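Before any comments, here is the structure.
It should be emphasised that the depicted structure is a prediction, and the values quoted were computed from it without experimental measurement. Quick note: residue numbers are just sequence positions, from 1.
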Amino acid sequence: MSSLRPNLAAAYDPEHFRQLGHRLVDQLADHLARTTRREGPVLPWAPPSTHLEHFPADFPEQPSGDLSELLARVLDASHHLHHPRYVGHQVSAPLPMAALCDLVSSLLNNGMAVYEMGPVSTAMEHNVLRWMAGVLGLPEGSGGVLTSGGSAGNLTALLAARQAKAGYDAWSGGPTAGPPLTVLVPESAHYCIARSTKVMGWGAEGVTPVPVDARYRLRPEALEDALASARRAGRRPIAVVASAGSTATGAFDPLEAVADFCEKHGLWLHVDGAHGASTALSPRYRHQVKGIERADSVVWDAHKMMMMPALITAVLFRDGTRSFEAFAQEASYLFTGQDTRRWSDVALRTLECTKEMMALKLYTCLRVLGTKLFADYITDTFDLTRRFADRLQSSGDFELAVPPDCNIVCFRHTPRGVPASELDALQVRLRESLITSGDFYLVQTTLGGRVWLRTTLINPLTTDADLDALLEALRRAA
Ligand SMILES: *Cc1c(COP(=O)(O)O)cnc(C)c1O
């Protein structure tokens, strides 16, 4: 006979959970209130060793300590993305409602590799993807999966492109079963594209670079040359990858022209819209992704411009059945029965086997908060970004790298009297000074061999006054 030990019984006690939960939500709401009122630092800067000391691997055998106390320290010491002066990497200030959904997902833990392990989240995933495909203008018959981030999403899409276009079965035979493959990729693409082709065993020449113009957009007239040079090098080009929102500058490649080129040459068009596919939600800005509806596959991160917590990435295929070709393998212990193309066993089509209930947060927020919230968010942040760029341009002591296509702005401070040769070092020092003070969080990038400050206006609570304060803080720090 066995009986539940007292420590396990206490850990699963519903009344204990109720009390902890109420306290925790109060604690998080207080934290959210302070952070959104701009109280406290954005990033409470500390070197890695500090946190190693504060959060040691020192685990008692018996219950000890207090959840609120430990989590209070976590909240204080963490990076505060809801702070309106967070203007750094492309990571969202999540909708609090979405965070509550993640709690539900964690408690239910419906793994959803197969339908039976996640019946509701499987249905929500299917329908939220249909809605997203509709937003992009993809045709009937499109479909896809949710996966863990844009990097995994791009790999998933390129695996399907390979099965469709290689001309041989590279999944079973490996990369040496036919001619070596390559994809045409703008120089401004995210590094995960090159990483994906290397994962597939195509080596460094698995990516054929396509030059970009002065605004960091793929030059469509350079595609023919890139294609010819790949062929001369003995490669079989199978696809073009275009960015809808490149990472460094947020540049949108000319999708219509790229789609024409792909059509002409029978190439797969993959659009990396991890950051910018959400632009299609905004009536004012959706023209910037015109042509995305002609893509064979699209990656779209909801944890970037849809205010979702990480991770939730859609991989959409214009022909939904292509989705089954990314991972064309069988696992009979999981996928019993004859039909290996059941849409409802999503792990047939994902890198993940077990997966969290990803769709729950997005489906729920769309359903409860409505779609206009998401459209307004894109329109307002893009508007804010354009006003910020205008102020930089007319300031006299700041230089704008390029006019922004979306909500990413790269710029540098050029105070009078600082020689050009010292400007790179100045930007690095300015950023360091601002982020260690905790007043702002921004990042930096290198463009054209020069260092630029880089901001992503991703928090809907950021205002024009915050951005004025940013420029003032940079002037003071200089
Ligand atoms: C952010 C980003 C990625 C990577 O996505 P993750 O979700 O961070 O893995 C890929 N491509 C582009 C264009 C991105 O902006």
Side-chain angles (χ1 to χ4, degrees), residues 1-37 39-40 44 51-83 92-125 127-128 146 148 302-303 307-312 346 352-370 373:
M1 203 192 92
S2 72
S3 64
L4 192 55
R5 295 169 191 267
N7 55 350
L8 280 166
Y12 279 87
D13 178 49
E15 288 311 315
H16 190 216
F17 173 71
R18 190 191 309 281
Q19 284 166 16
L20 287 178
H22 281 300
R23 276 177 71 188
L24 175 59
V25 169
D26 284 341
Q27 194 175 12
L28 288 172
D30 290 344
H31 167 77
L32 193 59
R34 279 195 305 275
T35 305
T36 56
R37 280 198 307 258
E39 290 171 17
H51 295 308
L52 287 179
E53 279 163 32
H54 287 179
F55 299 95
D58 165 14
F59 307 115
E61 191 172 274
Q62 296 301 323
S64 95
D66 172 65
L67 177 73
S68 311
E69 183 274 328
L70 176 60
L71 293 185
R73 292 196 292 120
V74 171
L75 294 179
D76 281 348
S78 291
H79 201 148
H80 301 135
L81 276 67
H82 288 94
H83 197 301
S92 74
L95 288 165
M97 185 179 288
L100 293 176
C101 293
D102 270 355
L103 173 61
V104 175
S105 169
S106 290
L107 191 81
L108 294 179
N109 201 27
N110 273 214
M112 66 177 297
V114 290
Y115 172 71
E116 292 164 17
M117 289 306 291
V120 174
S121 46
T122 299
M124 284 182 167
E125 173 163 330
N127 281 337
V128 96
L146 294 179
S148 303
H303 56 270
M307 297 173 280
M308 290 294 118
L311 289 167
I312 166 171
V346 291
E352 297 95 337
C353 179
T354 308
K355 181 170 91 178
E356 62 159 329
M357 299 170 71
M358 272 179 195
L360 177 68
K361 51 195 165 195
L362 183 56
Y363 181 94
T364 304
C365 290
L366 284 166
R367 182 89 192 177
V368 175
L369 299 173
L373 176 101

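For the residue pair Ser92 and Pro309, the shortest heavy atom distance occurs at OG-N, 4.3 Å. Nearest heavy-atom pair, Ala98 versus Cys365, reported as atom, atom and distance to 0.1 Å: N-SG, 3.7 Å. When all heavy atoms of His303 and Ile312 are compared, the pair lying nearest together is ND1-N, 3.1 Å.
Considering CE of Met308 and CE of Met97, their distance stands at 9.5 Å, rounded to 0.5 Å. Separating the CG atom in Leu360 from the CG atom in Leu146 is a distance of 11.5 Å, to the nearest 0.5 Å. Considering CG of Leu75 and CG of Leu28, their distance stands at 6.0 Å, rounded to 0.5 Å. One distance of note links CG of Leu362 with CD of Glu125; it measures 10.5 Å at 0.5 Å rounding. Rounded to the nearest 0.5 Å, atoms CE (Met358) and CE (Met124) are 15.0 Å apart. Remark: Thr122 OG1 to Asn127 CG distance equals 11.0 Å, nearest 0.5 Å.
A donor-acceptor pair is defined here as one N or O able to donate and one able to accept, closer than 3.5 Å; no such pair exists between the side chain of Arg23 and the backbone of Leu67. When atom types are taken as modelled, the side chain of Thr36 and the backbone of Ala33 share a donor-acceptor pair closer than 3.5 angstrom. Between the side chain of Ser105 and the backbone N or O of Cys101 there is no donor-acceptor pair closer than 3.5 Å. Using modelled atom types, no side-chain atom of Ser121 and backbone atom of Ala359 make a donor-acceptor pair closer than 3.5 Å. At distances below 3.5 Å, at least one donor-acceptor pair connects side-chain atoms of His82 with backbone N or O atoms of Pro94.
Here the options are Glu352, Lys355, Glu356, the test is side-chain hydrogen bond (donor to acceptor under 3.5 Å, both in side chains), and the partner is Ser148; only Glu352 passes.
The aromatic ring centroids of His80 and His31 lie less than 6.0 Å from each other.
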Evaluate the side chain to side chain contact (heavy atoms under 4.5 Å, CB included) criterion for residues Val120 and Asn110: first the C-alpha distance (whole Å), next the side-chain angles of each, then the deciding distance (0.1 Å), finally the verdict. CA-CA 9 Å; Val120 174; Asn110 273 214; 6.0 Å; no
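Considering only heavy atoms from C-beta on, Leu369 stays 4.5 Å or farther from Met307 through its side chain. At a threshold of 4.5 Å between non-hydrogen side-chain atoms, the residues Leu20 and Leu24 do not count as touching.
Applying the 6.0 Å contact sphere to NE2 of His51 captures more than 12 heavy atoms from other residues, nucleotides or ligands.
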